[in-house]
Each structure stands twice: as structure tokens, then as C-alpha cells.
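Each remark here refers to the structure printed beneath this line.
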Protein chains: 2
Amino acid sequence: MLSQLLRSRPTTRTRLAADTGISSATVSRAVEHLIGSGVIREGGEIVAGTRGRRAVTLDLDGSRGVVVGIDLGASNTRMIVADLVATPLASVELPTPSELGAVELAEALVHTARRLCGDRWDLLQSVCVGLPGAVRANGPSVTNANNLAQVEDPRLLETLRARFATHVQLVNDADLALLGEQRFGAATGAPTAAILTFGTGLGAGIARDGVLVQGRHGIVGEFGQLPVGPLGTRLEHMVTGPGILRRAAESGVTMTSPADLFVTEPEAALAAMRNQFDTALVIALTAITVACEPDVLVLGGGLAPSLEPDLERYRDAIELHVHYAPRLALAELGAHSGAAGAVVVALTDCYRRLGVADDALGDAPVGALLDLDRVKAVAVPDRP
Amino acid sequence: MLSQLLRSRPTTRTRLAADTGISSATVSRAVEHLIGSGVIREGGEIVAGTRGRRAVTLDLDGSRGVVVGIDLGASNTRMIVADLVATPLASVELPTPSELGAVELAEALVHTARRLCGDRWDLLQSVCVGLPGAVRANGPSVTNANNLAQVEDPRLLETLRARFATHVQLVNDADLALLGEQRFGAATGAPTAAILTFGTGLGAGIARDGVLVQGRHGIVGEFGQLPVGPLGTRLEHMVTGPGILRRAAESGVTMTSPADLFVTEPEAALAAMRNQFDTALVIALTAITVACEPDVLVLGGGLAPSLEPDLERYRDAIELHVHYAPRLALAELGAHSGAAGAVVVALTDCYRRLGVADDALGDAPVGALLDLDRVKAVAVPDRP
DNA sequence: TGACTTTGAGTGCATGATGAAATCAAATAG
DNA sequence: CTATTTGATTTCATCATGCACTCAAAGTCA
């Protein structure tokens, strides 16, 4: 019932009846009940040019609660506060206080969230935090967080839960970025999609039928660990910044930034390195393709924009190997995809508690597009 | 309702009521209806030593229909006829008539099935055929069937459907082998599992939460196509029979069978080849692990038994790379896993039509274990 | 052996959800 | 201003459900 409302929001009683196959009588009664309990709200009437009585639009009452989405990156942290229909209310971007321990870090996050929420703090329904590590289902606990070790400390989650006093979920940051792009960015309309992020390490996320594929040990998507290079070099070291720079140094190539690899007319030594990069990248892309056959494969992270001119070439290479290639696309939300994805997860949590059927939770638009301009518009200064 | 019956078959009215939370009154009424329509049957009473009236056991009436599972391999074809509770009724193994065209091949299969079914032919409810190729969801059509090209001809499916006059499904053979092992073999109790089969080519199948992961283009699991070797050699060529023999010939190593690679004390040249094999295999295993994080990874196909002494070593290698490794297990059903999986798919199709909820279809035991001895016991000669 | 206890299965009745059809409401077309 | 169209609500009959009770069939114990 609510499920269909989410799918085609905003809608009307008549459309709900038609879409669900439930009789209009029952729909009316159910809607009456939902309005009574404050979940749904009647909106303005449609200005339709047709004859007959005008339908009353129905929508979730977004103002009944807020959620917080946090992307806790190795260097920067982004946070978005949104209402229950995904309207961004406030956002902030600040350097991650990586010098802090787990408890202090958690308290700093809560403090910032409190500032962003303002007088809506009491309406907080759910919080999701993305972090650069593997999230195991037991607890959950975090492992493999090489770039921000303190998030492996279980007291981080304990403190967050205690101070936020609501549901708090931890999720891998690449998974969140994928969710963000799926709902608001490059992978909209692609229920099965994957992402590959070139950050400090190589991250990947997979979603099938609108649901994240998250193993119990959180290692789904760790394609960076594949020992595909000569001497068992990990794939990760061949396509991410630090690895590229190290390999350049070993080969005696001067390189100030990994982006140098993508100049249009490279010298021989650089071209050889670029070749190795391409080979490794195609392996990663092919591996993801055969792992889940995504409709769209999103490329994100700092290096991704440099790859734009060659997307078609990569796509052809994949197709050559497996006779199919997903659409390759650059991340559209950029640095905000993680926090946007965190908002999606937090909203999904809210919707589940409202009784929305599981199969509808993964469905395409949770609501208004979370548009970037608006996120920026509601940005507040780092320190008050 | 039926769903729970499948989960704990055979059961009683009282247990059904307890398990589902539905009142015993409703359960009684529903069971009455199901018995009336012939789906369910009352069995012998439980001999329980407890006081009180004895419960009447309920079970699916398996004799109301039969299904046919076919594994159409490049060299051999296996077929199992089973009743609706997965009791094997007849089986046969015969060389694949690969010289035939698509239509003739289909008719030969139907002919054999007819012979196996005997007077139960009219009870045929569903047929599933496994074949060595990628099955696309549109149609479905078949691609990448290098080892049995005629199955790509759409007339194969047309003819099968026309002659069988029931539902006929085509599924990738590795996927079926996985299903077979999941229900009856090495991966029982592991709802998310994967298989890697070393046949003429390298096949793989993935199931998550008891459901096969089948992309629309059927290329999920094509890890054999990863270009991980030197000069872009495909993974497949480094771990399967033909590739091994060719590489041996190139290196000047005499090898009569790929199994020679696994002798205990190899010469230097052979050891080097074995090393390459191991490296490639670990890449494949790691790729599957990060693709879906299976609880069990089953190894099947002709070469699999040779790997037994080294399973622990491979497992350690995976764990080294991604800090988690699935249990590695050899296929238990051997050559029968594909046909057994085909029976599972055909049964699932029947159950779905009976109205069993989707989430119960993937649940562990569809019924009596399809035990191998019994399959062999009901084997009929190749030609009558 | 026969009354009692225990457990399973079926039945009467009240309840509540549902949908078809009728009714009320609000708009436009002519 | 009336007819028509479309949306929302109400009426009423139907049906599935669960509670409580009864019937059935077994063992227990005096």
C-alpha cells in the first residue's frame, strides 16, 4: 500500500487503486487511516485540464522526521540532513578529524549533526555512516579500514548509537556511493549497477535489483585485492594513485600527480605505464561485469574524470572478452555521492519501519531528486 | 501456507499452525482444501510415544506429476526423471549425439525422455535442460556455446517446447551443477554458494540466498574470460584441460593428460607450469569470493578431484588476499550434479505454479534428498 | 477395566477486511 | 443551467480469520 505510494510519489487515490489493483474503496479507507496517523498528507490539487472532479494528490509527510547521512572519508567528511522525502535541509563538508580516537571522533560527528539539525534534532529518525572499510554483519564490526583505522574500534558505533539515540547504520563508502548514484546520479533507472572508485584504494560496490550486495564479511567488491599483476601484484596497486606514483618512481618516470598518466601524447615510458594501467583496469571492469552483469558501471573517485575520453575504448575491451559490456559512466554526484547514499540508507530504514514492503524499498526514486545545487545551497559553514 | 509445508516436509497440521503463526482452524480449513484439490496427501500417522491423539502427517502428493532434468553436456548427456517430491524414478546417461542438428537433437532428447517416463508421460509437469553456454533472458536464447554450437539455434527450444508440450527451461550447466550441489551435495545448507567447473572450458555459477544469480545476458560467472595472463591470456586457458595441454606442448613438456600436472614430485618444467596453474586458479577463486562472498565454493568437473590435496593451500591463499575465504569443497554429485540441478529447477517451476511464495522456493530441501545410489538404481540402459 | 488427561482436528460465531455498486462531490462542456 | 465526467465515500454482501468450544483418539492411572 505505502509501497506503491513510494514508487509513484506523489500520486492520487485513483492512481493508487489502478496501480495496485486494490479497489478504490479499500484505498480510500487505507489512505484515511494513514493520514490520520500522520504518515501521509494531502497536497495541492492537480490543475489537470480534463473534465470531472480533480484528484487530491497524496504524498509522504516529509516534515515528520529527518535523517542524517554521513560520509566519513579518509580526508574529508560530508554530512547531509534531509527530511523524509529526501529534501536536503542542511549539509556540510569538513576535514575529517583523523587525529581523534574513536570515541572523540564519534562525538565530533554527533556534535556537527546536532548543529546541522538545529531545532529538528528531536525529529531525527535514522542515521547512516559510510566509512572506508569492510563492514561485517556481526555487530556490525569494521575491518580493513587501513586509511582510517579508528573506525575499526567498536566504541565508535557504541558512542554513535548512544549519542544519536536512534538507529545508526555503518556501511562501506563505495556501497553508499553506488546507492547515491543509483538514486540521484549516473545510474538512475539501473536497478543492477556497480561502482568502481579510485581513491586511496580501489573500492567497489555492487547492487542487484536495487539492493546492495553485502556479504556477511563485507568483502564483496574487493576486486582491488586480486593478485593479477606480475609477481602477484594486487590490482589495486596498478590503478590507484599511490601505486601509480610508486611504479613511476621505480621506472624512473617523473610524475607529479597520477593524472599525468592521462596526457594525450605521452612519452614511451609513460605510454608503457599507461598500457599497464589500462590492462589492469580492464581486468577490474571485466571482473565486475562477470560478477553481477550490471546495467551501468559507474566510475568514481579522483582519477575517474581522467578516464572520460577512453570510456568507449574500455567498453569495447570488456565486450571483446565477454560479449557484453555495461554502460560505463562517470559518477555525477562527485564528492557528494557517499553522503547521498547514506541518506538513502537512512531513509530506507525509516520506510521499513513505516511498514513498506521489502521489495519496494529498493525501487527507483525514493522521492524528490536530491539535487546537488540544493545540497550546496543549504550548506552551512564548517565552524559556526 | 504451502511454503511452510515445503520447508518442513512432511509435517502435521499442528506443526504448520505453530510454524506459520496461523490459527489451527485456518490451517485445518486450508489443508482440507489442498487435499481436496489433490496437492497434499495424508500420510501414515506418527508413532510418537507421547500422550494424546496422534497427528496425521501431511505431505505433497508426489505421484501427481513428474519432472525431467536434463544435463546436455558437450560429450555426455544425463537425464533424470523425478516425481514431485524429488524421488528419482529413472535416469540415463548416454553420449551426446553432437553430430545432430538442433531439431534432431531436441527430438532425440524428447524421445529418450519419453522412454524414461513410460506411462507417466502424461504426468509431465516441467522440464529443465542444462547446456554449456550463456543463456540470455530474452526468449531465452543461447550464446557462447562453443562446445555444442547447435544449442544456439532457437529451433532447439522451439522443438523441445512443442514436443514436450510443457514448460521447458534452458539454464547454464554450471548454474545447474551449483543448484544440484546446494540441494543434494557439497553445498547443502549454504544459501549463498558458488561453483567453479573445470570442463572443456571454465564455468562458474553463483547463487545468493538460494537463488541463482543469472544476468539478463547470462554472462554472470564467466570468470574464465578474465584476461589475467601474460599477453592478455584468458584465465580459462590457464586452468582447463585443452589450455594446459597446449601450454605443455609449447614448453616442450610431455603430458598425456592434464592430470599429470598434479603429480606429487614434478620435474622443474612441470613445477613451473603447476605454479602458473595455481596462480591462475587462485585469481579465479579470489574473484568469485569477492564477487559474492559465498559460504561454500564448490569445485567441479574432471580436474577437480586432482585438486583435493591442495584445497587448504588455496583457501589460505584466498584468505591472505581478502581476509576471508569460503569453505572449498569438491562436488559430491560428480557427473550427476547438472541433471540433479535441472530437476531442482523443474520442481521449483512446479511449486511456483502451485502457488508457493517466491521466498520459500529458494529454501533448503525441496524434499527427499535425491540420493545418488537411488539415481543409479533406477538407471535404465542407454538403448532399449 | 474405565474414568481422566492430553493432544489433534473440526465447528459455530463474531470480527474485520475487501470489493461491487450506489451515492455524493466537484469539476468541465455545451 | 444542465449534462457529463471523474474522484471520493458509503452501503452492503461476502469471505477469510481467529477464538472458543466440541469431538476424536490416544495414553495414564486408579
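Just so you know, these numbers use all the heavy atoms, side chains as well, and skip hydrogens, waters and symmetry mates. Each chain gets a letter, A, B and so on, in the order its sequence line appears, and its residues count up from 1.
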Is the number of heavy atoms from other residues, nucleotides or ligands under 6.0 Å of A:Arg41 CZ greater than 12?
yes
Does [X] have any side-chain hydrogen bond (donor to acceptor under 3.5 Å, both in side chains) partners at least two apart in sequence or in another chain, and if so, which?
X        : value
A:Asp122 : none
A:Arg327 : none
B:Thr192 : none
B:Ser23  : B:Thr26

Presence of A:Ser28 side-chain N/O under 4.0 Å of D:dT9 phosphate oxygens OP1/OP2
yes
Go along nucleotides 12-22 of chain D 5' to 3' and tag each nucleotide: B for a protein heavy atom under 4.0 Å from its base, S when only backbone or sugar atoms are that close, - otherwise.
-----BBB---
Tell me: [atom1] of [X] to [atom2] of [N], nearest whole Å?
X       : N      : atom1 : atom2 : value
B:Ile40 : C:dA9  : CD1   : P     : 13 Å
B:His33 : C:dT11 : NE2   : P     : 16 Å
B:Arg13 : D:dA24 : CZ    : P     : 15 Å
B:Arg54 : C:dT7  : CZ    : C1'   : 12 Å
B:Leu34 : C:dG10 : CG    : P     : 13 Å

Salt bridge (charged side-chain N to carboxylate O under 4.0 Å, His left out) partners of [X], counting only residues at least two apart:
X        : answer
A:Arg216 : B:Asp295
A:Arg353 : A:Asp349
A:Arg13  : A:Glu42

Enumerate all atom pairs, one protein N or O and one N or O from nucleotides 2-4 of chain D, separated by less than 3.5 Å.
unit_1 : atom_1 : unit_2  : atom_2 : d
D:dT4  : O4'    : A:Arg51 : NH2    : 3.4
D:dT4  : O2     : A:Arg51 : NH2    : 3.2

Take B:Arg53 and A:Arg53, find for each the nucleotide of DNA chain D with the closest heavy atom, and name the residue whose nucleotide sits nearer the 5' end.
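Final value for this comparison: A:Arg53.
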